[in-house]
Amino acid sequence: MAPILTVSGITKQYGGLVAVNDVSFDVAEGEILSVIGPNGAGKSTLFKLIASFVRPTRGEVRFKGERISGLAPHIVARKGVVRTFQETTIFKGLTVRDSVIVAHHLRSHAGLLGFYLGTKAAREDEAEFGRSADEILEFLGLRAVADEIASNLPQGSLRALGVAIGLAANPKILLLDEPFAGMNHDETRRAVEMTRAVRDRGVTLLLVEHDMAAVMRISDRIVVLNFGAKIAEGTATEIQSNERVIEAYLGVEDETIGV
Amino acid sequence: MSTSARLATLVIFVFAVFVAVPVLIGLTHRTDFYYTLSSVALLAIASGGVWLTFYIGRINIGQGAYALMGGYVSAILVVRYGVSFWITLPLAGAFCAAASVLIGLPILRLRGVYFAMVTLVLTEVVRLLALALPITNGAKGMVSLPPPGPISLFGLTLVPSFDTFAERNEAFYYLSVAVMCVCFAALYRLVHSRVGRLFVALQQNEELASSMGLNVPALRVLAYSISSFFGGIGGAIFAAIAQSVYPSSFTVADSVNFMLNCFLGGLGFVFGPMLGTLVLYFGWDLLFQAGQYQLLIYSGVMIALMLVLPNGLLSIRPLNFRKRVRPLIWRRS
């Protein structure tokens, strides 16, 4: 099967610092691929490069064969590559339901003027967004807090809200930024289930994550970065026995990386 | 607030503005209030524009630039080219909107205090341009603007020439408050439509907004150009009332006042700038008796109000008479 996303030779330099160095990998449709690496390995930069929030110095990202590097982030989102943020990046003053409704904008048929004048197409869009938002909130277990102001939510629900906002944009591939960070064992288990459920909706998932145990459990394949370069790629078992990976994580207790 | 309560508020407001105020002025023979209240209405329009830029999360201290620009566009077209005032009015707004697109595209990338500083400079730039350009007649300004003529459609006079009014400012009063009502109705609709919610999304978090496919730069410029359109319209009518426009007609102090009007009325309320302008305009005049302490008391009261009522005067609402728009709290970015 042709890959849905191809990262080839991507490099990002900030002055003399090479944050991401010549990284290449493919993402197959319907898989869960995680990018891991020690702090400062360039995971976040790679993430921003794929979502086109920063421009690469060299190399490119192709989505379904089409080059998306260099396009504006909202254009990339329209094509189906949608990123989520860590829990601090939300619409703090909006309710959960309103946040998700706003995030449906990409699906609208009416133009801005149509919405201003309240045309039939705009009213139908609004009704559809409401229905779809309720469905997404139900799916992610957020229905009970639908009318809460987002900034009042506990951390676990915030993470789910981030995913809900991402799903509302109807992504083909969803980029999750550290979905399990700072979670306890039980929360992680639920988040892992949620991530699998999202994949089962037909969304390809690309994760950037610290939590090794969760990554090993959930990922179809794993890409390991160290000092901006890719040092390994493969299934969880392959990664666990890879010497370069173990070396990169030296000093971290074996248990943490699940070896 | 229910729909009927909202409708009742609207009817009372329109009645007060178009019937009660003129009747009161007629009874008390204080015709100077026509000019004062027209000014309040026009400043409220410009402040309404500033309010919209606040709504997308930008502190705009440059509305004076567009008010001045609008005044000059109208005055130049009327005086030099003999265009009817009624045609110059939308043109002044459109000119300012177009100019704000060009200016806004680069500067709207800035946030917080940086955007505020650039807009602050903008008023001064336009003032200096008005001094320097040959078409604006320099420091002498554009003077002796003729009053607006009649509007006729198929030989039917819809609006009589302002010359035919015994009290010309009465005609200007009706014009100003009518335009104010239209502008705020348009603003209210904007904020309560989906477009308004997209603006809130921008105000809350631009990165997140663009990740969900919103064209953030375009939406920012859209809000800013609507804001500048309001500024231009207000400035154009102001020039017509004063029958003149000078480089000093709108200064940095006016730009700051437009912003203060929004703060005072409440950033969470569409009608906040309207109330803020009224209170601030008369508040300043009432403090005139305090002589040299006028500015001291004025600024002291403003600071105290912002500390006690960070969400503006309309947040008091004993009668619950203004619909509050989301977000409940405007967050300083």
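For A/Leu113, no part sits under 4.5 Å from any heavy atom of chain B, backbone or side chain. Residue A/Ala103 touches chain B through both its backbone and its side chain, counting heavy-atom pairs closer than 4.5 Å.
Between A/Val96 and A/Ser99, the closest side-chain pair of non-hydrogen atoms is not below 4.5 Å. Annotation: side chain of B/Thr88 is not in contact with side chain of B/Val73 (no heavy-atom distance under 4.5 Å). For the pair B/Val216/B/Glu206, a side-chain contact is recorded, criterion being any heavy-atom separation below 4.5 Å from C-beta on. For the pair B/Val50 and B/Phe230, the minimum side-chain heavy-atom distance is 4.5 Å or more.
Within a 6.0 Å sphere centred on CZ of B/Arg109, heavy atoms belonging to other residues, nucleotides or ligands number 12 at most. At most 12 non-hydrogen atoms from other residues, nucleotides or ligands lie less than 6.0 angstrom from OH of B/Tyr114.
Within residues 124-135 of chain A, the residues having any heavy atom less than 4.5 Å from a heavy atom of chain B are, in residue-number order, A/Glu126, A/Phe129. Contacts between residues 75-84 of chain A and chain B, defined by a heavy-atom separation under 4.5 Å, are made by A/Ala77, A/Arg78, A/Val82, A/Arg83.
Closest approach of A/Pro171 and A/Gly166 over heavy atoms only: CD-O, 3.3 Å.
The structure places OG of A/Ser52 at 13.0 Å from CZ of A/Phe63, a figure rounded to the nearest 0.5 Å.
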- Item | B/Tyr188 vs B/Phe271, ring pair (Phe, Tyr, Trp, His ring centres under 6.0 Å): CA-CA, chis, key distance, verdict | CA-CA 8 Å; B/Tyr188 183 87; B/Phe271 300 104; 5.7 Å; yes
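Ring geometry, A/His105 versus A/Phe115: the interplanar angle falls from 30° to 60°, so the pair is classed tilted.
With hydrogens and angles ignored, the 3.5 Å screen pairs no side-chain donor or acceptor of B/Ser225 with any backbone N or O of B/Ala97.
When each of A/Ile101, A/Leu117, A/Ile165 is checked for heavy-atom pairs under 4.5 Å with chain B, A/Ile101 comes out on top.
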